[in-house]
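All remarks here apply to the structure that follows.
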Amino acid sequence: MTAAPAIELRGISKAFGPVQANRAIDLVVPRGTIHGIIGENGAGKSTLMSILYGFYRPDAGQILIDGKPVAIADSQAAIRAGIGMVFQHFKLVPNFTVLENVVLGAEDGRFLRRSLARARGELKRLAAEYGLQVDPDALVEDLSVGHQQRVEILKALYRRADILILDEPTGVLTPAEADHLFRILRSLRDEGKTIILITHKLREIMQITENVSVMRRGEMVASVRTAGTGPAELAELMVGRKVLLRVEKPLARPGAPVLEVQGLRMVDAEGVERLRGIDLAIRAGEILGIAGVAGNGQTQLLEILGGYPPAGATLSGEIRLGGRPLPLAGSQGRARRRAGIGHVPEDRQAEGLIMDFTAWENMAFGYQDAPQFQRGPLMDNAALRADAMGKIARFDIRPPDPDLAAKSFSGGNQQKIVVAREVERDPDLLLVGQPTRGVDIGAIEFIHKRIVALRDAGRAVLLVSVELDEIMALADRILVMFDGRIMGERLPAEATAAELGSLMAGVEPARADAGGIAG
Amino acid sequence: MERMPKWADVILTPLISLVLAFALSALLILAIGESPAEALKVVVQGALGSSYGWGFTLYYATNFIFTGLAVAVAYHAGLFNIGGEGQAAMGGLGVALVVLALPWPHWALALPAAAVGAALMGALWALVPAWLQARRGSHVVITTIMFNFIAAALLNYVLVNLLRPVGSMDPASASFPAATHLPKLSEMALALGVEWGRNTPANISFFVAVAACLLVWLLIWHTRRGYEIRAFGKSATAVRYAGISALRITVLAMLVSGALAGLMAVNNVMGEAERLVLNAVEGAGFIGIAVALMGRNHPLGVLLAALLFGFLYQGGGELALWTSIPRELIVVIQALVILFTGALDNMVRMPLERLFMALRRKGA
C-alpha cells in the first residue's frame, strides 16, 4: 500500500435532533496535499471537522487514517492518530509563555523542567524547518494574532501531528500575516504534512490548495482539483445558484456633504498616536470606502465617529454632521444615533449584538429609548417584537424566530440582524465596519445590496473593510489608510489593486502613476 | 435550539437538586443516630403543619424575598452584591429614624414613609461600592463585604450612643409607638373571621414583598432601564457601542439592589421587633444570595426559593427544639441545600440536558 490517502471518510452522517448536519460524506485527502473545504456558514464543515477531531461521534460512517480504520472517541485519540487542529478561536492561555502553552497537556512527567527544556529544543527545530519563528519566552497575550496562530500550529506539530486542520485561519489575520501563514502551510506540505483548510474565501482556495471539496447543506456536493476549477464555479457550487461577485449599482449622484472630518487626531491611553490628522468628507448618496490593512487606525476612526472613543484617549480635530459640529469626548453613542448616524460595528459579537439576548431584543439595541418602543413608563415589548418580525421577513433572516438568542444564529444571520437594525433606522450616515467578515456568500450579496440601496436613497455611507474586493465593488471613492493617515484617494474605476496595495503598505506611488487624479 | 424544555430548566433541575440535598441530609441524621423520617416529620410539621408554623415560615420568607431580589437585580447587571446584610441593617436604621422622628397617627402613613427611609438607607449603603466599582474598578464583592462590617460597627455606635433611651441598659432603640405597629397577618385574618397564625410575626410586609417581586419583574423585563441593566450584565463592550453609560447602570442597579435589601427592615424591624436592636438582620442578607441563585434571579423563582428557605429556617428551629439533633446540623442541612441548588447546579443540569437530548433524538 504505497499511496493510501492520509484521510478517507466513508459515508459519515451526523444529525443534531431534526437537523442533518452531515449526510453520507465521502472525502479523500491524499498525503502531502493541501485540501480546501469550502461552504457557506451552516453547511456542515465544522461538524465534519469536529467528528474528525473526536468532539462528536458520527451516527454512521467510517474514518480511515493512512488506509486503516480508526475510531476517534475524543481529542486525545485524534492526537494519537496524528491529527492536529487549529481552531478559529485560539485555545491558548494568555498569561502563559509560548513554551508553557506548547507543553500544556503534553507534559512528560510530574516536573515541568524537563518538558520545557525538550520543548525549547523542539520549537527551535520546528522554527528552522517551517519558518515558524516565535519567541518561546514571550507571553501569549503580548503576541499579535498572527503569532498566536503560529503557537497553535506549533502545539499541533509538537504533538507530532501529520494532519493539520485549520478552521478559518485567515479570518483574524491581516493580509501580510495571511501570506506568511500560507508560506508556512506550503513548507509543511512540502515536508509531507497533510493540511485541511476550512474557509469560505474563494481566493485562498485558489491560491493555496491542490484539491477542494464543496459542502452545501450537510452534503459534499463536489470534490475537484483546484487547477481545474475557478472561483465562479466554486461559488456557484457553494450556494447552488449564480452569485453576483460584482455588485450591480447605478451611478452615484452625490449631493451635499453629510459628514466632514477635519484634522482628527487621537492619542490612545498608552500615548501612541493612532490617528494622525484625518481629513475626509462624505456626501449624500455616496459610499466612501476606507481600504487598509487592519490595525492602521480604521477601528479607532469608526469608534470615534460612532461616539465611543477608546478609554483614556485624547482627541482633537473637528467632526461635523450636516454642517453642525459634534462633541468629540465622552460617551456619545446615544447622541450620535439621535443625530442620524447608524453604525454596523466591526465586531458584531462583542459590540453589535448581545449574544444572549433574543433576536427581537437585539433588533432594538441602541434604540431601546426610541419613542415608538415605549408605552408610558414601560417598554412596549409587543411593538419591539412586531418590529423585529418585520425586519426578519424583509431581511430573510433564518430561522425566522424572533425569540431565538442571537448566539443561536449563524454568522451571516447575526450580521443581518445588525444590518437590519441600523439600515432600517434610515440614518443620514451609516458607518459600516467589515460588513461581511465571516459571513456566507448569500448573505454577503444581500448585505451589499442593502448598503447600495441606502446610498441610492441619498444617504452617506462610510465603509471600512480589509477586503479589497469589497471596497472595489462597493465604494464610489476609496481612501487608503496607513499608520493613522490617509495615504491617498482613488476612484475604483481607475485604481488598480497593485496601486492600492502599495498605498496600503505606506508607499506613495510616483505621481506619474497616479493617473493625474487631483488630491 | 434549547437543550431542554423550560419547565425542566426552572422546576425539575432545582427539584432534583433539592431531593439530593435532603437525601444527603438524611444520611447525616442517620450517622448521628437519629431517625431521618422523624426529623422530616418534625420539620414539615413545625413549618407547615399549623398556621402557627406558617406564620413563622412566611415571616422568614418575607425577609428572604427582599434580600433575594436585591441579589437578583444586581446580578442582572453582572454585579454580585453580597452586601445585603449591611444594606438591610442600614434599612433598619432608616425605619427607626423615620418612625421615631414623627408622631405618626396611623401605621398606614408610617409604613410608606418607613419604607422610603429603609430603601434610601439601603440604597445609600450600596451607592459607595457602586461608585467605586464604576469609577475606580474596586470590585463590588470586596467593597460590599467591607460595607457589611462598617454597617455593623456604625449601628453599634448609633444604638449605644444615640438611639438608646436614657437609662436603658439595652443597646436598642426605644420601642416604636403603638400607632406605627404593622398589622399582623393573624390580625388581618381575624378581621376576616378566620383564626390563623396567632402570635406569629408574619405581617403585612409579606404583601409588600410580593409587590416588590412584581415591580422587579416589570423593571427588569419591561422597562428601558431594565433592558439596559441586562445588556450591561451580558456585554460591557456592546453597551459601550450602544452609548449606554456603565457608570449610570452600575449605580442604578446597585441603588435598586440596596433599596430592596433595605426594605427588608420593614418586615423585621417595623413588623416584628417594633424597635431597632443589634444584629437585627440575622444573616438574611447572605441567605438572599442562595435564594437568588436557586430562584434563577427571576422574581417568581426568588419568591418560591424564599418560601423554601423560610420553611427550612422555621422547620430547622423546630427540629432543634423538639429533637436532640443539634442546632448546628440544621445549619449544615441549609448549607447542603445551598450547595446543591446553587453551586452544584450543573451537576444535575448537564446529565439532565443529555437525557433530554437523547429523548428528543429518539423521538425525531
Side-chain angles (χ1 to χ4, degrees), chain A residues 15-20 59 302-303 306-311 330-338 341 343-357 361-362 364-370 373-382 384 399 401 403-408 418 433, chain B residues 1-6 9 75-78 134-137 214-252 256 296-298 353-364:
Chain A
F16 296 103
V19 182
Q20 191 76 35
D59 301 334
L302 276 180
E303 287 178 352
Y308 55 111
S331 173
Q332 298 287 343
R334 228 177 256 262
R336 294 287 157 86
R337 279 179 182 76
R338 272 200 290 272
I341 299 182
H343 186 184
V344 177
E346 289 187 312
D347 189 338
R348 62 176 165 271
Q349 302 206 343
E351 297 190 335
L353 295 165
I354 306 276
M355 298 302 277
D356 288 328
F357 270 19
E361 286 173 311
N362 271 302
F365 187 53
Y367 304 101
Q368 68 278 2
D369 49 0
F373 296 144
Q374 317 298 321
R375 197 180 49 194
L378 300 183
M379 231 172 152
D380 191 347
N381 287 350
L384 282 168
D401 180 357
D403 293 314
L404 213 55
K407 64 181 173 198
S408 308
V418 179
Chain B
M1 204 191 319
E2 301 296 328
R3 286 166 180 277
M4 58 181 177
K6 194 146 181 122
D9 180 46
Y75 175 87
H76 281 292
R135 266 294 142 94
R136 295 261 160 253
L214 187 70
L215 287 176
V216 165
W217 177 73
L218 282 175
L219 169 74
I220 297 294
W221 281 284
H222 291 270
T223 69
R224 181 160 60 88
R225 290 288 176 230
Y227 178 100
E228 293 175 355
I229 285 174
R230 285 184 295 127
F232 178 67
K234 298 284 188 198
S235 172
T237 48
V239 152
R240 249 170 57 76
Y241 152 83
I244 298 168
S245 155
L247 173 72
R248 185 185 297 182
I249 295 299
T250 303
V251 167
L252 174 74
V256 173
R296 299 247 158 283
N297 297 296
H298 190 286
E353 278 177 356
R354 274 199 290 276
L355 178 73
F356 272 97
M357 303 253 277
L359 281 178
R360 190 178 303 156
R361 204 165 307 150
K362 206 177 273 175

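Note that these values count all heavy atoms, side chains included, but never hydrogens, waters or copies made by symmetry.
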Picking from [options], which has the most non-hydrogen pairs under 4.5 angstrom with chain B?
| options | answer |
| --- | --- |
| Pro345(A), Ser331(A), Gly307(A), Gly306(A) | Pro345(A) |
| Met355(A), Arg336(A), Glu351(A) | Glu351(A) |
| Gly366(A), Ala350(A), Gly333(A) | Ala350(A) |
| Arg334(A), His343(A), Gln349(A) | Arg334(A) |
| Gln332(A), Arg375(A), Glu303(A), Gln374(A) | Gln374(A) |

Please state whether the side chain, the backbone, both or neither of [X] comes within less than 4.5 Å of a heavy atom of chain B.
| X | answer |
| --- | --- |
| Leu384(A) | neither |
| Gln368(A) | both |
| Phe357(A) | side chain |

Output the distance between atom CG (Leu353(A)) and atom NZ (Lys234(B)), rounded to the nearest 0.5 Å.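 Leu353(A) CG to Lys234(B) NZ: 14.0 Å, rounded to 0.5 Å.
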
Point-to-point distance, once rounded to the nearest 0.5 Å, from CE of Met379(A) to CZ of Arg225(B):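 If we round to the nearest 0.5 Å, Met379(A):CE and Arg225(B):CZ are 11.0 Å apart.
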
Tell me the closest heavy-atom pair linking [X] and [Y], and the distance in Å.
| X | Y | result |
| --- | --- | --- |
| Pro377(A) | Thr223(B) | O-CG2, 4.0 Å |
| Tyr227(B) | Ala364(A) | OH-C, 3.7 Å |
| Ile354(A) | Ala238(B) | CD1-CB, 3.8 Å |

Decide if atom OH of Tyr75(B) counts as having more than 12 heavy atoms of other residues, nucleotides or ligands within a radius under 6.0 Å.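 Result for OH/Tyr75(B): open.
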
Please determine whether a side-chain nitrogen of the Lys or Arg among Glu361(A) and Arg224(B) lies less than 4.0 Å from a carboxylate oxygen of the Asp or Glu.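 Arg224(B) and Glu361(A): not salt-bridged.
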
Would a distance-only check, ignoring hydrogens and angles, find a side-chain to backbone donor-acceptor pair under 3.5 Å from Tyr241(B) to Arg348(A)?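 A pair under 3.5 Å: no.
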
Can any side-chain N or O of Asn381(A) pair as donor or acceptor with the backbone N or O of Trp221(B) at less than 3.5 Å?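 Judged by distance alone, yes, a pair lies under 3.5 Å.
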
Partner residues of Arg337(A) under the salt bridge (Lys or Arg N to Asp or Glu O under 4.0 Å) criterion, sequence neighbours left out: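 Salt bridge (Lys or Arg N to Asp or Glu O under 4.0 Å) list for Arg337(A), sorted by chain: empty.
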
Interchain contact, Ile244(B) with chain A, by part (heavy-atom threshold 4.5 Å):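 Contact with chain A is through both the backbone and side chain of Ile244(B).
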
